[in-house]
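All heavy atoms count here, side chains included; hydrogens, waters and symmetry mates do not. Numbers for residues simply follow the sequence, beginning at 1. Quick caveat: nothing in here was measured; it's all calculated off a predicted structure.
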Amino acid sequence: SAFTLMEVPQLLTNDRFRWFVTRQSLPGPVREFWRDYDQFSSAERLQVIGPAMNKIRAFSTRAALRLMLGQSQGIDLGEIFRRRRVLLVPLNKGRIGPEAAHLLGSLLVAQLWQETLSRTAIPPERRTPVFAYLDEFQEFIRFGNGDDVAEMLVQSRGLGMGLTLAFQYLDQLSGEVAAAVLGTVRSQAVYQLEYRDAHAMARRFAPLETADLGALDAFEIALRPCIDARTDAPVTGRTVPLPEPVRDPAEVTGISLGKYGVPRAEVEEARTARIRYINEVKDKRTTRDKKR
């Protein structure tokens, strides 16, 4: 089975595990790193791996994340693209911790972008539109810098990926990321803005002024719509509440879990088996060497 992110601590601290992994075919710079790493003293290794181990512990100690990221056969975003599935990923920092939420969100966005880029091999007329909705968008852009975000926003439209990015105020984004978002996102909608954001956005929403954007009522929005590749004049409107659910969310969750879920015991046993297998391989090799 393929290794997972949950095996990284073993790779860094278990000599047998590292021996098995690094004897595989590796790129030159990676092989050089591990060769140097094996020459480090224990104190030097701790200094090198300390920051990484702290981040890994942020999610490996939480059962839900450990079970999800510890599966060799996990969620295939490509299949979700092809079969028109819906994937919901709650990243509640109160439940899984801020570091885990940031890391998981970044991993998902990076994988989402890789799957989007792979669509270049599909003729445009066969690309089924896919839509991603990122609430608290600023939490999920740590996979790259502003240039990466700009590239994603520019290319995703042509590759059939629609993005809805929601955040609360501009200072949540770095300068380069804010420039990438405001410069490449075509349709822009704002609710009532505080003064600094209203002042920054007023020029884009003219003839609306700073005071207008700061005085929007509850549920009222100002919108710059992009229609047929042309950005029209700003309009104001009012959002409507969501309709009542047609089914009990707990029932839907149960159905999804039964169809796609993997029992916890199977995930934990598979991970244990991977590590046990490597130790056994090392033991057998050592025994053969001794017989020689």
Side-chain angles (χ1 to χ4, degrees), residues 1-77 91 96-115 117-118 139-149 151 174 266-292:
S1 298
F3 299 123
T4 73
L5 203 58
M6 292 298 97
E7 276 78 69
V8 170
Q10 291 290 328
L11 179 66
L12 296 174
T13 61
N14 185 325
D15 292 341
R16 292 185 174 191
F17 192 100
R18 188 167 57 258
W19 168 86
F20 181 89
V21 173
T22 58
R23 75 188 182 97
Q24 314 299 321
S25 177
L26 298 174
V30 177
R31 183 172 297 281
E32 291 177 9
F33 169 81
W34 289 116
R35 185 179 62 236
D36 294 341
Y37 183 83
D38 285 333
Q39 303 302 317
F40 290 163
S41 66
S42 297
E44 289 173 328
R45 288 184 184 179
L46 286 175
Q47 185 176 5
V48 170
I49 70 177
M53 292 292 286
N54 288 336
K55 291 184 179 298
I56 293 171
R57 290 192 188 98
F59 56 85
S60 63
T61 56
R62 298 178 183 271
L65 287 174
R66 184 176 69 252
L67 294 171
M68 181 173 65
L69 297 176
Q71 299 182 51
S72 292
Q73 300 296 325
I75 296 172
D76 183 355
L77 288 182
L91 296 174
I96 64 177
E99 285 294 333
H102 294 158
L103 177 61
L104 184 56
S106 296
L107 289 173
L108 283 167
V109 172
Q111 185 61 37
L112 178 68
W113 181 227
Q114 288 302 312
E115 290 294 341
L117 288 176
S118 70
E139 301 289 350
F140 313 135
I141 55 178
R142 301 188 179 194
F143 77 100
N145 57 30
D147 292 339
D148 296 324
V149 175
E151 180 185 6
S174 68
E266 290 185 17
V267 178
E268 297 283 20
E269 173 55 30
R271 178 170 178 267
T272 301
R274 289 194 293 271
I275 298 173
R276 183 171 60 243
Y277 169 76
I278 289 175
N279 288 334
E280 291 173 353
V281 169
K282 179 66 172 176
D283 286 339
K284 290 178 181 178
R285 182 181 177 89
T286 301
T287 301
R288 288 198 303 269
D289 291 343
K290 286 180 179 179
K291 288 181 179 179
R292 293 175 184 171

Does some side-chain heavy atom of L104 sit less than 4.5 Å from a side-chain heavy atom of M68?
yes

According to side chain to side chain contact (heavy atoms under 4.5 Å, CB included), who are the partners of R31, at least two apart in sequence or on a separate chain?
L26

With under 30° as parallel and over 60° as perpendicular, where do the rings of F20 and F3 fit, or are they tilted in between?
perpendicular

Residues two or more places apart in sequence or in another chain: which of them pass side chain to side chain contact (heavy atoms under 4.5 Å, CB included) with Q114?
L117

Do other residues, nucleotides or ligands put more than 12 heavy atoms under 6.0 Å from the CD atom of Q47?
no

Here the gap from L46 atom CG to M53 atom CE, rounded to the nearest 0.5 Å, amounts to 9.0 Å

When you check the gap from the basic side-chain N to the acidic O, do D38 and R23 get nearer than 4.0 Å?
no

Where W34 and L11 come nearest, the two heavy atoms and their spacing
CZ2-CD2, 3.6 Å

Side chain to side chain contact (heavy atoms under 4.5 Å, CB included) filter on M6, not counting sequence neighbours, yields T4, F59, S60, R66, L69, R271

Flag the pair E269 / R276 as yes when at least one side-chain heavy-atom distance between them is below 4.5 Å, and no otherwise.
yes

Looking at every heavy atom in both L5 and L107, which two are closest together, and how far apart are they?
CD2-CD1, 4.1 Å

What are the two closest non-hydrogen atoms of R274 and G70, and how far apart are they?
NH2-O, 3.1 Å

Can you give me the closest heavy-atom contact between Y37 and L12, atom names plus distance?
OH-O, 2.5 Å

Taking N14 as the fixed residue, which of R16, R18, Q10 is the one that meets the side-chain hydrogen bond (donor to acceptor under 3.5 Å, both in side chains) rule?
Q10

